[in-house]
S.K.: 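Let me begin by handing over the structure; questions about it come next.
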Amino acid sequence: MKVIPLPRRSALVLTGAAVATLLAFAWPLFTAPSSALAQTDVAPLIFALVLPLVAGVVIVEISGGGLDAKTVAMLGVLSALGAILRPIGAGTGGVELVFFMIVLGGRVFGPGFGFILGCTTLFVSALITAGVGPWLPYQMLGAAWIGLGAGLLPRVRGRGELAGLAAYGAVASVAYGLLMNLSFWPFTLGADTSLSFVAGAPRLDNLGRFAVFSLVTSLGWEVGRALTTVVMIALLGGIVLRSLRRVSARAAFQTPAVFEPAPGHSDT
């Protein structure tokens with residue numbers, strides 16, 4: 001059930017936000033050697049300021065379509081649960097429990113809800129764990145797109161639904177880790193190693209360097225995150241989905257109606 005509808009204008013805003021997010025993560029692959037971004041480490045700070053604005057614009061836009069008190073309460077509960085789950089593994093060996101709740105919340109309540117849930121969950125978690133820093137906007141947007149994607153998955157039920165959610169969770173978990181790597185990789189190793197980012201180098205060369213860098217430094221974490229998400233969905237996904245849908249039915253979420261004058265009626 002989509003508790004926050006996405007009209008055409010919201011879809012356009014989301015498209016713009018997707019482009020901005022892609023640029024924030026993937027700019028090293030497109031920058032020229034003479035670019036100011038390539039010569040300094042100021043790029044992450046610039047995008048760390050821009051990305052919250054992007055997230056804010058999207059949240060304001062999609063929340064204008066149906067963010068009532070019941071929806072806010074549900075967002076608060078699920079964000080709190082996700083924030084509590086996240087420190088349990090604390091990323092040790094790739095154990096990340098937070099995406100489990102974001103995927104299921106987006107699945108049940110729709111892509112708009114999932115986007116906001118991803119943002120708020122990572123934000124609340126950062127406040128709890130003192131994890132606020134220039135990396136936080138990247139984490140928030142990454143989680144937001146995971147929640148939105150879960151809400152856009154094909155509508156199936158039963159074992160097929162859980163299998164699809166588990167597969168999506170695994171792919172999304174790995175993609176999230178790779179995007180986080182890409183956000184700091186250009187400034188991690190300096191310019192003197194075979195894995196370093198080289199401004200202006202052929203895109204495939206830099207992609208190859210990045211692939212080897214990720215393989216060497218974080219593959220275990222990405223696989224662990226994916227496996228954790230799959231196991232959580234397989235073990236608890238059915239129960240949580242039924243519970244969330246029961247709550248949704250009882251809460252009777254409704255989109256605010258738009259007033260349309262009756263035929264022949266005039267305000268003047």
S.K.: Minimum heavy-atom separation for Val58 and Ala17, please, with both atom names.
M.R.: CG2-CB, 3.4 Å
S.K.: So, for Gly118 and Ile102, which heavy atoms are closest and what is the spacing to 0.1 Å?
M.R.: CA-CD1, 4.1 Å
S.K.: Membership question, hydrophobic clusters at under 4.5 Å side-chain separation (ILVMFWY): are Ile84 and Phe100 in the same one?
M.R.: no
S.K.: Of all the heavy-atom pairs spanning Gly238 and Leu162, show the shortest one and how long it is.
M.R.: N-CD2, 3.7 Å
S.K.: Ignoring hydrogens, what is the shortest heavy-atom contact between Leu104 and Leu244? Give both atom names and the distance.
M.R.: O-CD1, 4.1 Å
S.K.: Can you name the side chain to side chain contact (heavy atoms under 4.5 Å, CB included) partners of Ile239, sequence neighbours left out?
M.R.: Arg242, Ser243
S.K.: Distance-only, no hydrogens or angles: does the Arg209 side chain make a donor-acceptor pair with backbone N or O of Phe197 under 3.5 Å?
M.R.: no
S.K.: Quick one, Glu96 with Tyr176, criterion side-chain contact (heavy atoms from CB on, under 4.5 Å). Give me CA distance, side-chain angles, the key distance, then yes/no.
M.R.: CA-CA 11 Å; Glu96 288 273 9; Tyr176 175 89; 6.0 Å; no
S.K.: Do you reckon Leu53 sits in the same ILVMFWY cluster as Ile116, going by side-chain contacts under 4.5 Å, direct or chained?
M.R.: no
S.K.: Do Leu178 and Trp185 have side-chain heavy atoms sitting under 4.5 Å apart?
M.R.: no
S.K.: Work out which heavy atom in Leu51 is nearest to a heavy atom in Ala24; give both atom names and the distance.
M.R.: CD2-CB, 3.7 Å
S.K.: Roughly how far apart are Phe25 CZ and Leu179 CG, rounded to 0.5 Å?
M.R.: 5.0 Å
S.K.: Does the side chain of Val247 come within less than 4.5 Å of Val108's, by heavy atoms?
M.R.: no
S.K.: Do you know the tightest heavy-atom contact between Val174 and Ala226?
M.R.: CG2-CB, 3.9 Å
S.K.: Side-chain heavy atoms under 4.5 angstrom apart, residues restricted to Ile, Leu, Val, Met, Phe, Trp, Tyr: same cluster for Val19 and Val57?
M.R.: no
S.K.: Tell me, yes or no, whether the heavy-atom count around Phe123 atom CZ, taken from other residues, nucleotides or ligands under 6.0 Å, exceeds 12.
M.R.: no
S.K.: With a 4.5 Å heavy-atom cut-off, do Met180 and Tyr138 have their side chains touching?
M.R.: yes
S.K.: Does Phe210 reach the side chain of Asn206, with side-chain heavy atoms less than 4.5 Å apart?
M.R.: no
S.K.: Do Met140 and Leu127 belong together in a cluster built from hydrophobic side chains that touch within less than 4.5 Å?
M.R.: yes
S.K.: Is there a side-chain contact between Val98 and Ser125, using heavy atoms and a 4.5 Å cut-off?
M.R.: no
S.K.: Give the C-alpha distance, both sets of side-chain angles, the deciding distance and a yes or no for side-chain contact (heavy atoms from CB on, under 4.5 Å) between Phe109 and Leu117.
M.R.: CA-CA 10 Å; Phe109 297 111; Leu117 178 62; over 6 Å; no
S.K.: Report yes if some heavy atom in the side chain of Asn181 is under 4.5 Å from a heavy atom in the side chain of Glu222; otherwise report no.
M.R.: yes
S.K.: Would a 4.5 Å heavy-atom cut-off, applied to side chains only, mark Thr120 and Leu78 as touching?
M.R.: no
S.K.: Could you tell me whether the side chain of Arg107 reaches within less than 4.5 Å of the side chain of Tyr168, counting heavy atoms only?
M.R.: no
S.K.: Drop me the distance from Leu14's CG to Thr21's OG1, to the nearest 0.5 angstrom.
M.R.: 9.5 Å
S.K.: Which value, rounded to the nearest 0.5 Å, describes the distance between Ser248 atom OG and Leu241 atom CG?
M.R.: 12.0 Å
S.K.: Can you measure from CG (Leu153) to CG (Leu148) and round to the nearest 0.5 angstrom?
M.R.: 10.0 Å
S.K.: Would a single hydrophobic cluster contain both Leu22 and Leu152, if residues Ile, Leu, Val, Met, Phe, Trp and Tyr are joined by side-chain heavy-atom contacts under 4.5 Å?
M.R.: no
S.K.: Could you please spell out the steps behind the side-chain contact (heavy atoms from CB on, under 4.5 Å) verdict for Gln139 and Leu136?
M.R.: CA-CA 5 Å; Gln139 294 175 338; Leu136 178 58; 3.9 Å; yes
S.K.: When Leu165 is tested against each of Val230, Thr229, Val156, Ile233 for side chain to side chain contact (heavy atoms under 4.5 Å, CB included), which residue passes?
M.R.: Ile233
